[in-house]
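We name chains A, B, ... by the order of the sequence lines, and we start the count at 1 in each one. These numbers were taken from a predicted model, which means no experiment stands behind them.
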Number of protein chains: 2
Amino acid sequence: MADTSGKPDSGSLPAPDGEPDPLAILPGYTLRRAANAMMAELGTLLSEVDLRVSEASILLLIDGRDTMTSSQIGTALDIRSANMAPLIGRLVTRGLVERVPLDGKSMAIILTPDGEATLHEVRRITQTFEQDLLQRIPAEHRDHFVPALNALWR
Amino acid sequence: MADTSGKPDSGSLPAPDGEPDPLAILPGYTLRRAANAMMAELGTLLSEVDLRVSEASILLLIDGRDTMTSSQIGTALDIRSANMAPLIGRLVTRGLVERVPLDGKSMAIILTPDGEATLHEVRRITQTFEQDLLQRIPAEHRDHFVPALNALWR
DNA sequence: TGTATTTGACTATCTTCGATACGAATAAGA
DNA sequence: TCTTATTCGTATCGAAGATAGTCAAATACA
């Protein structure tokens, strides 16, 4: 930082400020950087309720549904059933959801009262987060954001 | 952000076809899904040259520069130095880059001839990928995509 | 009805990515 | 010289995602 640093900084070295990241014009690269930055931020916010992004997503998804199985949740969120098991397991251990037998093979994953209370906090956190995210996007681009993203995976 | 006044949403029926993901209107969620989908796709494409996305990014970044240290690369790509070490190590092992002493402490990471040849393949792959990505976005949203994303992290 | 296939939940294990914590060597400053 | 900074690197951890495969229940069908 200090201009007296021993860094050679010879004439051939591009100035740190004058040389923009040449990758920043690549849509895929900016998509990755933006998603990483936003998910890191959301993760920090959600640490307040000791939940990870994927866990919070599950709570948001199953709210108001009482017959969603773990495999249906996995299909909706694109999480393999092998990865759903420990995910649901942790939520069960924490008393946020419970498994209710549907037919002897399938289990419905439903919110407990504690889960509903936590979900309330999750909604508060995510709504603030989503609002802030949109606010950072210049107004003229804002309405194009979600439709453009949805075209990439839906 | 939920549009409570919008569509009746078919009531309580969890119809397999008619039940859209209620999270799909959340900007942060769509950002994550789109980025995951795109990076998985790019990863598949780059497996042709046996490189991961982060490794290809490094090659693209250091091309034409001969005094970039591993810490400068890490700063540019937002990769911790602890994670840079094995990343560079693998590229060195594969003969794509080499470490050149700058001043006895710092090492410049530069492309080898093999690295330049591989970079040529990487450019071909990523250019096709980036073009395809943009093509998937409806034309009226396309020009807003990169500016909106850049507002989130730059 | 009886057999075969599919499905749902789960375990174990592997890979990638990112983050800390720490150690060694060099450079810079008191 | 001694101390502090920085740089590079190690070891290790955690989250997320993927494969392979077990087991039992549900379903399809001859």
Quick one: is B:Ser71 getting a side-chain N or O under 4.0 Å of the D:dC8 phosphate, OP1 or OP2? yes
Taking the side chain of A:Ala82 as heavy atoms from C-beta outward, which of D:dT19, C:dC17, C:dA9 is closest to it? D:dT19
The residue, A:Pro86 or A:Arg32, whose nearest nucleotide of DNA chain C is more 5′ is A:Pro86
Could you check which of C:dG8, D:dC8, D:dA15 has an atom nearest any side-chain atom of A:Arg52? D:dA15
If D:dC2 has a Watson-Crick or G-U wobble mate with both distances under 3.5 Å, name it; if not, just say none. C:dG29
Hey, which sits more toward the 5' end of DNA chain D by its nearest nucleotide, A:Asp78 or A:Gly104? A:Asp78
Report yes if at least one side-chain N or O of B:Ser54 is closer than 4.0 Å to OP1 or OP2 of C:dT16; otherwise report no. no
Closest approach to the side chain of B:Asn36, judged atom by atom: which nucleotide of C:dA19, D:dG17, D:dC8 is it? D:dG17
Below 4.0 angstrom from OP1 or OP2 of C:dC10, is there any side-chain N or O of A:Arg99? yes
Nearest to side-chain heavy atoms of B:Ser81, which nucleotide of D:dG17, C:dG18, D:dC8: D:dC8
Checking contacts here: which listed nucleotide (C:dA19, D:dA18, D:dT7) is nearest the side-chain heavy atoms of B:Ser106? D:dT7
So that I can tick it off, tell me whether B:Asp114 and B:Arg94 are bridged by a salt bridge, with the cut-off set at under 4.0 angstrom between side-chain N and carboxylate O. no
Looking only at the side chain of A:Asn83 (C-beta and beyond, no hydrogens), which of the listed nucleotides C:dA19, D:dG17, C:dA9 gets closest? D:dG17
Which listed nucleotide (D:dT10, D:dA15, C:dT11) is nearest to the side chain of A:Ala85? C:dT11
Reported CG-to-CZ distance for the pair A:Leu134 and A:Arg142, which is rounded to 0.5 angstrom: 7.0 Å
SB check B:Arg136 B:Glu41 (cutoff 4.0 Å): yes
With under 30° as parallel and over 60° as perpendicular, where do the rings of B:Tyr29 and A:Trp153 fit, or are they tilted in between? perpendicular
Kindly label the base of C:dA21 as syn or anti, based on whether its glycosidic torsion lies within 90° of 0. anti
